[in-house]
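Below is one structure; the comments refer to it alone.
Since this is a predicted model, take the numbers as computed values, not measurements. Lettering follows sequence order; numbering is per chain, from 1.
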Amino acid sequence: MSPHDEKKPTDFIRTIIEQDIARNLNNGQVVTRFPPEPNGTLHIGHAKSICLNFGIAEQYPGSRCHLRFDDTNPEKEEVAYIEAIKEDVRWLGFDWGDHLYFASDYFERLYQLAEVLIEKGKAYVCSLSADQMRSYRGTLTEPGKESPYRHRTVEENLTMFRAMRAGTYPDGAHTLRAKIDMSSPNINMRDPTLYRIRRVPHHQTKDLWCIYPTYDYTHCISDALEGITHSLCTLEFEDHRPLYDWILDELKDELPCHPRQIEFSRLELDFTVMSKRVLTTLVTGHHVSGWDDPRLPTIAGIRRRGYTPASIRHFCRLIGITKAPNHVEMALLENCLREDLEINAPRAMAVLDPVRVILDNLPEGYQEEITVANHPQNPGLGSRTIVLTREIFIERDDFEETPPKGFKRLIPGGEVRLRHAYIIRCESVLKDPKTQAVTAIVCHVDKDTMNRAPEGRKVKGVIHWVSAQRHCQAEIRLYESLFLVPHPLDHKAGGSFLDHINPDSLKILNHCPVEESLAQWQPGRPVQFERLGYFALDHRDSNPGRPVFNRSVSLRDSWAKEKTKSQ
RNA sequence: UGGGCCGUCGCCAAGCGGUAAGGCACCGGAUUUUGAUUCCGGCAUUCCUAGGUUCAAAUCCUAGCGGCCCAGCCA
């Protein structure tokens, strides 16, 4: 499934864009950009933005989408994140072509434009400390006070700004500020900081600079320099739009265009967190194994979990683009994966919690090779051979001595079909004399039932199995949500998000018998373990002959639902 | 409390003055060698509330109510 062959989504942003094209604004061109800061890895919320920006570029002829690293704060950024982010965007199926940029590419131009602002009397060097600046800013309800440095002459500002660049002053001694309105009801317009002094080497520009421009100053100009037509961002930047427009208006004689910023709501997912700060805490506090922990909503995590790029793209299409809170249930994401994998994942058998079954009318050493389709509906997925032996493993909960109402699996004296093989009847049960735990089940094979319905009776139950003699041992990891509450960051109930961590979010099963065909499974290739769910080989922890499988998502289980209902 | 934004089914979301799409979830039922898939059927007389305008309002007006964001030299 490629992003090209699906029905095009419509949303308010695309509506605006189509109107702009119809009016021949920007010569009918559309240029978008995805502007991550390389200070962490991407998560599924970013995927929404990526799908939007790159999706628009794919949709309208002659359009493009830039990948631009918003690298204005070297203290928090790392090169490693740059490569990780590129990999994530590529993995999602998008291509920026030649349009890879860094905000730091524009540092010199940005500096020159700052001098233009100073010359116009629209920016000044302020010598207030950070604390002082905060108290001068006022509050949400009270206007701010003007800085005592606000009326420095253009010459003095120019001299000092150049000295800032030259490294004359210590870190934090001065800032360059826009001269707008200290009594604006919009706090972002109360003389926002444009430049700060930071003696920190930058991952791209090394130690060329000791002053760095802020986001607000950099972003709008970068957009304009690249000819971005529609600058799409999340709702929290709505209050910054007046500043975005102010800077571009003041600099309109120096810049090629004035992009339009449009905001949409960010994605939130139930039972997880999307905040970079919180994700960082989870990783550095070792609550998870790393940025790619399969329980995390990071792109790296969901990839390792076994999500496919197509399922993520599909998800992003379903959630839509609006300005209303986009707080989506995990079930929708899971369903997108199931939908993809139902069609595309080959099937195999694995037993999570094995109990031994002895087929007493098969001789010792019996081995029957059975060729089975890898997919019930899709012959294109080929076939494989499984082997039936005298002893096999089945799932412990596929057998009940005292079955609940509606149970259609194996019971004493009852019959069930072994998937892809014969119908068996339970003859007796062997138990540990001390614990009374079932150690083995003795069954009789009805040899007349391979690929055939039995004579004169109906056998409804079908269970999966793996040969006890011929199998591979795998480690299987089952996941549940990382948090126990739908909104872990909701502080109204008190406590920290750490209090809501699910202690059972990871369950490791160490010795699971799985089909031999799974011994050499390729990473990145999904598989359905029949009746259990979809799984993916863990590329990090698997070893030859000792595969580790992550459960990406379980199958729908109406029996489990029915059981919990009757309880 | 100042400013910005949002409120259509449990969750997303169409709708833009002509009488409430769709998906997920949920509830039935059929088919099934995966209790999966597939299929078929059900699921908002009502759009945050209250007034008003109109032949006609989720859509327009007014007043409320509720939620989110902003006081980094972060992005």
Side-chain angles (χ1 to χ4, degrees), chain A residues 10-11 35-37 39 70-73 75-76 126 128-130 133-135 137-144 171-177 184-190 192-198 211-212 214-216 218-219 233-242 263 265 267 270 276-277 317-336 338-339 342-343 347 349 372 376-377 406-409 416-423 449-453 459-464 486 528-533 554-563:
Chain A
T10 57
D11 52 65
E37 185 190 14
N39 68 343
D70 223 331
D71 55 348
T72 56
N73 187 3
E75 280 174 300
K76 293 187 174 170
C126 180
L128 252 24
S129 70
M133 201 187 287
R134 188 177 317 121
S135 66
R137 186 156 34 231
T139 66
L140 295 179
T141 50
E142 306 158 50
D171 285 9
H174 310 284
T175 56
L176 184 73
R177 293 225 257 166
S184 171
N186 181 347
I187 290 187
N188 296 300
M189 298 300 268
R190 320 239 261 230
T193 301
L194 269 24
Y195 269 90
R196 66 279 214 195
I197 306 173
R198 263 312 99 81
I211 57 172
Y212 291 101
T214 57
Y215 163 84
D216 283 313
T218 308
H219 200 84
C233 61
T234 43
L235 250 26
E236 65 270 28
F237 293 103
E238 221 155 11
D239 287 344
H240 294 243
R241 182 161 20 99
E263 310 85 10
S265 52
L267 168 67
D270 270 4
K276 223 180 241 185
R277 186 199 105 241
R317 194 166 316 109
L318 292 185
I319 60 177
I321 298 290
T322 66
K323 299 184 76 158
N326 195 219
H327 207 133
V328 179
E329 290 174 347
M330 198 58 100
L332 184 64
L333 213 211
E334 292 178 341
N335 188 68
C336 289
R338 289 197 189 101
E339 237 171 66
E342 158 60 24
I343 299 167
R347 268 107 245 231
M349 292 198 284
V372 303
Q377 281 88 232
F407 190 78
K408 53 186 212 197
R409 280 108 98 142
V416 75
R417 177 176 292 279
L418 295 178
R419 167 114 252 231
H420 297 305
Y422 302 100
I423 286 171
T449 54
M450 177 68 84
N451 297 320
R452 188 184 312 180
V459 175
K460 287 192 114 177
V462 179
I463 63 174
H464 60 276
Q528 182 196 104
F529 292 167
E530 292 210 44
R531 304 210 304 138
L532 296 174
S554 65
L555 250 34
R556 270 202 198 82
D557 189 350
S558 58
W559 169 241
K561 206 182 282 176
E562 197 174 321
K563 262 197 311 190

Pair Asn188(A)-Arg241(A), side-chain donor/acceptor within less than 3.5 Å: no
Sugar-phosphate, base or nothing in reach of Ala130(A), heavy atoms under 4.0 Å: base
Interatomic distance where CH2 belongs to Trp559(A) and C1' belongs to rG35(B) [whole Å]: 8 Å
Proximal nucleotide (of rU34(B), rC5(B), rC73(B)) relative to the Lys323(A) side chain: rC5(B)
Sugar-phosphate only, base, or nothing, as touched by Arg347(A) at under 4.0 Å among non-hydrogen atoms: base
Among rC70(B), rC5(B), rU1(B), the nucleotide that comes nearest once only the side chain of Thr141(A) is considered: rU1(B)
Spacing between Asn39(A) atom CG and rC74(B) atom C1', to the nearest angstrom: 8 Å
Spacing of Tyr195(A) atom OH relative to rG72(B) atom P, expressed in whole Å: 22 Å
Side-chain ion pair, Arg347(A) and Glu342(A), N-O less than 4.0 Å: yes
Nucleotide nearest Glu236(A) when distance is taken to its side chain, options rC74(B), rA36(B), rC69(B): rC69(B)
Touch class at under 4.0 angstrom, heavy-atom based, for Asp239(A) against every strand present: base
Under-4.0 Å side-chain N/O to phosphate OP1/OP2 contact, Arg137(A) with rC73(B): yes
Atom pair distance, as rounded to whole Å: CG in Asn186(A) and C1' in rC70(B): 8 Å
Separation between the C1' atoms of rA71(B) and rG3(B), rounded to whole Å: 12 Å
Complement of rA75(B), any strand, by Watson-Crick or G-U distances under 3.5 angstrom: none
Gln377(A) CD to rU34(B) C1', straight-line distance once rounded to whole Å: 10 Å
Spacing between Lys276(A) atom NZ and rA75(B) atom P, to the nearest angstrom: 11 Å
Pairwise C1' distance for rC55(B) and rG42(B), with rounding to whole Å: 35 Å
Parallel, tilted or perpendicular, as decided by the 30° and 60° cut-offs, for the rings of Tyr215(A) and Phe237(A): tilted
Nucleotide of rU34(B), rA71(B), rC74(B) approaching Glu37(A) most closely (side-chain heavy atoms): rC74(B)
Given rG23(B), rC74(B), rC26(B), the nucleotide with the shortest approach to the side chain of Leu318(A): rG23(B)
Touch class at under 4.0 angstrom, heavy-atom based, for Gly406(A) against every strand present: base
Nucleotide nearest Lys561(A) when distance is taken to its side chain, options rC12(B), rC27(B), rG35(B): rC27(B)
Spacing of the P atoms in rA57(B) and rC16(B) (rounded, Å): 15 Å
Nucleotide nearest Arg134(A) (side chain, heavy atoms from C-beta), chosen from rC24(B), rU34(B), rA71(B): rA71(B)
Shortest side-chain distance from Leu140(A), nucleotide among rG2(B), rU34(B), rG23(B): rG2(B)
Touch class at under 4.0 angstrom, heavy-atom based, for Thr449(A) against every strand present: base
Touch class at under 4.0 angstrom, heavy-atom based, for Ala560(A) against every strand present: nothing
Closest to side chain of Thr72(A), choosing from rA71(B), rC74(B), rA75(B): rA75(B)
Between rG29(B) (P) and Glu562(A) (CD): distance, integer Å: 10 Å
Per Arg419(A) side chain, nearest of listed nucleotides rU34(B), rA75(B), rG7(B): rU34(B)
Touch class at under 4.0 angstrom, heavy-atom based, for Asp270(A) against every strand present: nothing
